[in-house]
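Working notes for the structure below.
Here is how names work: the chains are called A, B, and so on, in the same order as the sequence lines, proteins then strands, and each is numbered from 1.
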Protein chains: 4
Amino acid sequence: MKQSLEEKIVRSAAKLFARKGFHTCTMRDIATMARVSTGAIYHYFPSKEDIYLAIVRREYGRRKEMIEAKRLENPTTEDLVRSAVILLFKMAEEYGRAEQLVLHLRVPETPRLRKEVQQLREQLLQYVADLIESGVRKGTIRSCDPTVAATALIGMGEAVTGRALAGPASEYLMQSGPEQLATMAWQALRPDRCGGSCAATTNAETSAAAAAAEEKDDAGRGGS
Amino acid sequence: MKQSLEEKIVRSAAKLFARKGFHTCTMRDIATMARVSTGAIYHYFPSKEDIYLAIVRREYGRRKEMIEAKRLENPTTEDLVRSAVILLFKMAEEYGRAEQLVLHLRVPETPRLRKEVQQLREQLLQYVADLIESGVRKGTIRSCDPTVAATALIGMGEAVTGRALAGPASEYLMQSGPEQLATMAWQALRPDRCGGSCAATTNAETSAAAAAAEEKDDAGRGGS
Amino acid sequence: MKQSLEEKIVRSAAKLFARKGFHTCTMRDIATMARVSTGAIYHYFPSKEDIYLAIVRREYGRRKEMIEAKRLENPTTEDLVRSAVILLFKMAEEYGRAEQLVLHLRVPETPRLRKEVQQLREQLLQYVADLIESGVRKGTIRSCDPTVAATALIGMGEAVTGRALAGPASEYLMQSGPEQLATMAWQALRPDRCGGSCAATTNAETSAAAAAAEEKDDAGRGGS
Amino acid sequence: MKQSLEEKIVRSAAKLFARKGFHTCTMRDIATMARVSTGAIYHYFPSKEDIYLAIVRREYGRRKEMIEAKRLENPTTEDLVRSAVILLFKMAEEYGRAEQLVLHLRVPETPRLRKEVQQLREQLLQYVADLIESGVRKGTIRSCDPTVAATALIGMGEAVTGRALAGPASEYLMQSGPEQLATMAWQALRPDRCGGSCAATTNAETSAAAAAAEEKDDAGRGGS
DNA sequence: CATGAATGAGACTTCATTCAT
DNA sequence: AATGAATGAAGTCTCATTCAT
C-alpha cells in the first residue's frame, strides 16, 4: 500500500508522539520512521507543532463523526451511550493503538498547542454534553449537569482505553474493557429505574422511566 | 512563613510543571520562581527528573493517605466512594490548584519518568481496586471488574478535577463539581437497588441490597 | 585549498588541544577556529572526546606507517633506529607543529580517553619493542629488555620533539635536534663495539660486532 | 599518624590530580578524600591552581635535592648518572606511586599552570644539562649538546617510570626497570670506550677515555 | 519536490569559589 | 578555624529550522 508522503509523516509522527511525547520525539525521529528527509517534512508542515495539531484535529474529528453517525441511527439513549463508549474504544484499537494515545496528552507543552487542544476537547465535550442534556430533557438520562457528566464520561473512557493500550494486562482489557466501560457509563447516566413499585421514586424519576419505556418507539418513528 | 529552600523549589517546580509541562519549563524558570540560583537546585535534587518524581511521589502518597484515613473511619461503601472523590477534588483545590495537575500529565516524556509514574498510578489504582473488590464481595458494590472500575473512577475524577482547575467556567465547577462527581461515581458503582419488588432482580442483587441495608450497623459495631 | 568541514574541524581541534589541552579548549573554540557552527561539529563527531580520539588514532597510525615503510627498505639496524627517530621528529615538524603535541598529553583526563590512548601507546610501543627484540636476536642491538628500551626510546623522542616544538630555543633544536636525538638513541641501543682487542669483550659482544659488520650485506642481498 | 590539614589536602590532591588529572578532579573530590570541608581548603590555598603548583614545586624540589645530594658525594660521572636515574625512579615508587605522576602531566591546561610548570621543568633540565656539560668538558661524557641530552634523559626516565607505575606488567618493571634504565642512560651518554687499540678512535675519544680513568682521583681531590 | 548539511539559540548540568554561621 | 549551602558563569550537547544543491 503506497501512502502519500504526507500521510506517512503524519502516521509516523502520531506513533512517536504517542509513544514518546511531543518534546521527546525529534523531527529526525519522525523523518527516519517515515523514511523521508528532514527537509521534506517542511514541505508539508510548517513546523513540528503543526504536525501535532494536524493529528489531534483529525483524531478529534474522527471521533465526533463516529458518534454523530451513530446518533443519526436514532438509537435509544442507552444504546447511544454504550455505542459511543465502545466505538471510541474500538477506534483506538483499530487505528493502531498508538495514535489514540495522542488524545491522552492532556497538557500539551506549548501555549499554542495547549490552547488549540483545549478548544478541541471543549468541542467534543460540548457535543457529548449536548447529547446528555437532550437525554436529560427527554428523561432518558438522570438529572445531572451535562457538562460535568460529559467530562466524567470522556475521562473515564480515556482512562480505561489508555490503560488497555499501554498498561499491564492489556490483552484482557482489550477484550472485556469496552463492555465493562459501557456498563459503567450507562450506570452513571441512566435514570433511576424501578418503576412505580418503589416508594421512594420521585416524580421526575417516574416520568423518566416512562420516557425510557417509550423511547424505542420514538426512535422508530423519528428515524426516517 | 519561611519555607526551606527545598520546599520552595518543589512548590515552584510543581506549579511550573503543571502550568507548562516538564519540558517546556526550564531549570532557570524554576530557579527564578523559587528565587534561588540555578545551582542551588542541584544541592537538593540531582536532576530535573528527580524534582518531578519527588512531586509526583508526594502527591500520590498524599492521596492514598487521605483515602486510607477515611477508610479507617469505617464508612458505608457509598460514603467511602463519595468521600474519596470529594476529598481528592478538595485536596487539589486546597493545595493550590497547580500541583494537582501534575497528576494529569498522563504520559511523562522520558522513559524513566513514564515508568515510575505508571508504577505510582498502578499502586493507587490497585488500592482503589481493592476497595472496590471488597465492596463487590460484600455486595455493596455491583458486580464488576474492580480494576476497570477503579481505572474509570480515577479517570473520571481526574477529568472533572482537571477541568475545574484549568478549564472554562471553573468557578461553577469548583462549587458543584465535587457533588456531581460523587453522585456519578456512586451511580456507576452501586448495586442495583429496588429490592424484592423488582421481578428482574437477581439473587446477587437481592443479597447486595440486604448487605447495603445492614452496612451502617456493621460499621457502627465493628469500629472498636 | 578547500578542506572538508570534517578536516577543518579535526585540524582546529588538534591545534587547540595541543595548545590548551583537552578541557581548557571548548567546543566553541574549535568551532570558531574552524569557522563552523557549534552544531556542525556534531554532524561529524558524536562528542568532544571522539574528536580527540580521532586525532590521536590518526597520529599514532601515521607514525606506525612511517616506521613500517622504512623497515621495508631493509635498512641496517642503526639506519632504522636513526631514521625512525628522525622521521618522527620531522613528521611533527612538517605536519604543523601543533598536532604532534597531542601525543604529549600523556594522561588524558577522562577514563575513556585514558584507556584508549594507553592502548594506542601500547601498540606503538610493542611495535618498537618487536623491532628492538629482533635487533637483539640478530646481535645488532645490545642485550636489553625490549619493552623497557622501546619505552625509553619513545619517551626520549617525545621529550626532545616536544621541547623543540614548544620550548625555548626552538629554532636551534629544530635544526640539530633530530641528529642529536638519533645519535643518543643509537648509543643507547647499539651493541658494544671495539671487537677482539678489548679484553673485557664478551662472546656475545663479539658476535654482535660481527653481525653488525655483516648487516649491510645481508640487507643488500635480500629479505632474510 | 596525624597529619596537618594542609598536608592531608596536598596528599589527597596529588593523588587525585595524578589519577584523574587537574580538570577532572574537583574540589569536592579533594575535600572528600582529605576529609575536610570544601571551605577549609580555601584557608590553606587560594585556589585549585595553587594546590597544583604547591605539589609540582615540591616534587620538582625534592628531585633536585636528591640529585644534588648525590653529586656532593663526588661520584664518578657514571655513578652519578646511574644513581640519578635510579633515585628518581625509586622516589616515585617510595613516595606512593601516585604523586609522582604529577610530573607526567606535561601540558597543564591553564596558562598559569603551564607557564610555571614549564619553568620548573626548565630548571630541572638546566640542572641536569649543567651536570652533563661538566661531564663533557671533563671528557667523562661523550661530546653532545647538553640540553638535548638532558631533555632526552629526563624524557626517557619519565616514560619508563610512568609505565612502571601505571602501565601493564608493572611488577616486573618495578623490579628491573631502574637498572635497565640506568644502563640505557649511561650507554647514551658515556664516551666511546676502547682506548688506543681501536683504529677508529678519534682524538676526542682518546682523551675522554683517559679522563674517565682519572676521574676518581679528581673527584677525590676536590670540587674544581 | 527532495535532500541533508549547517545553523545557532538554548537546555541541563557542573564546579570553583564565596560567605553567613 | 571550619563548615557546607549557595552562587552563577560557563561548558557540552540537542534539535527545530533553513537553504544551497
Discussion item. Under 4.0 Å from OP1 or OP2 of dT7(E): is there any side-chain N or O of Tyr42(C) that close?
Written reply: no
Practice prompt. Provide, to the nearest angstrom, the distance between the CZ atom belonging to Phe22(C) and the P atom belonging to dG11(F).
Written response: 13 Å
Worksheet entry | Phe45(B) CZ - dC12(E) C1' separation (whole Å) | 16 Å
Fill in: Presence of donor-acceptor pair under 3.5 Å, side chain of His43(A) and base of dA2(E)
yes
Worksheet entry | Position toward the 5' end of DNA chain E (nearest nucleotide), Gly39(C) or Ser47(D) | Gly39(C)
Discussion item. Of the options dT7(E), dT7(F), dG4(F), whose atoms approach the side-chain atoms of Ala40(B) most closely?
Written reply: dT7(F)
Worksheet, complete the sentence: Arg35(C) CZ to dT7(E) C1', in whole Å, measures 17 Å
Worksheet item: Where the side chain of Lys48(C) is concerned, which of dC13(F), dT17(F), dT13(E) is the nearest nucleotide?
Response: dC13(F)
Worksheet entry | Nearest-Å distance for atom pair NE2/C1', residues His23(C) and dC15(E) | 12 Å
Item to complete: Check every strand shown and say whether Tyr44(D) touches a base, only sugar-phosphate, or nothing at a heavy-atom separation below 4.0 Å.
Response: sugar-phosphate
Worksheet item: Atom CD1 of Ile41(C) to atom P of dC15(F): distance rounded to whole Å?
Response: 17 Å
Worksheet item: With sugar-phosphate meaning primed atoms plus P, OP1 and OP2, does Thr38(C) contact a base, only sugar-phosphate, or nothing at under 4.0 Å between heavy atoms?
Response: base
Discussion item. Within the supplied structure, the quantity of interest is the number of heavy atoms (other residues, nucleotides, ligands) at a distance under 6.0 Å from Arg112(D) CZ; does it exceed 12?
Written reply: yes
Item to complete: Look through every strand shown and name the nucleotide pairing with dC12(E) as Watson-Crick or G-U wobble, where both distances are under 3.5 Å.
Response: dG11(F)
Worksheet item: Rounded to the Å, how far apart are Ile9(B) CD1 and dT7(F) C1'?
Response: 13 Å
Worksheet item: If you find the nucleotide of DNA chain E closest to Pro46(B) and the one closest to Val36(C), which residue's nucleotide is nearer the 5' end?
Response: Val36(C)
Worksheet item: Over how many whole Å does the gap from Ile51(D) atom CD1 to dA16(E) atom P extend?
Response: 9 Å
Worksheet entry | 5' precedence on DNA chain F between Ser37(D) and Glu49(A) (nearest-nucleotide basis) | Ser37(D)
Discussion item. Less than 4.0 angstrom from a charged side-chain N to a carboxylate O is my criterion; do Arg58(B) and Glu6(B) meet it?
Written reply: no
Worksheet item: Taking it one step at a time, do Asp50(D) and Ser47(D) satisfy side chain to side chain donor-acceptor pair (under 3.5 Å)?
Response: CA-CA 5 Å; Asp50(D) 289 283; Ser47(D) 79; 2.6 Å; yes
Discussion item. Between the side chains of Arg121(B) and Glu158(B), is the shortest nitrogen-to-carboxylate-oxygen separation below 4.0 Å, so that they form an ion pair?
Written reply: yes
Worksheet item: dG8(F) P sits how many Å from Arg28(B) CZ, rounded?
Response: 12 Å
Discussion item. Among dC15(E), dC12(E), dC13(F), which nucleotide has an atom closest to any side-chain atom of Met27(B)?
Written reply: dC12(E)
Worksheet item: Ion pair present between Glu65(B) and Arg62(B), side-chain N to carboxylate O less than 4.0 angstrom?
Response: no
Worksheet item: With respect to Ile30(C), which candidate in Val10(C), Val36(C), Leu16(C) satisfies the side chain to side chain contact (heavy atoms under 4.5 Å, CB included) definition?
Response: Leu16(C)
Worksheet item: When we call it a touch if two heavy atoms are under 4.0 Å apart, what does Leu5(D) touch: a base, just sugar-phosphate, or nothing?
Response: sugar-phosphate
Item to complete: If dT3(E) has a Watson-Crick or G-U wobble mate with both distances under 3.5 Å, name it; if not, just say none.
Response: dA20(F)
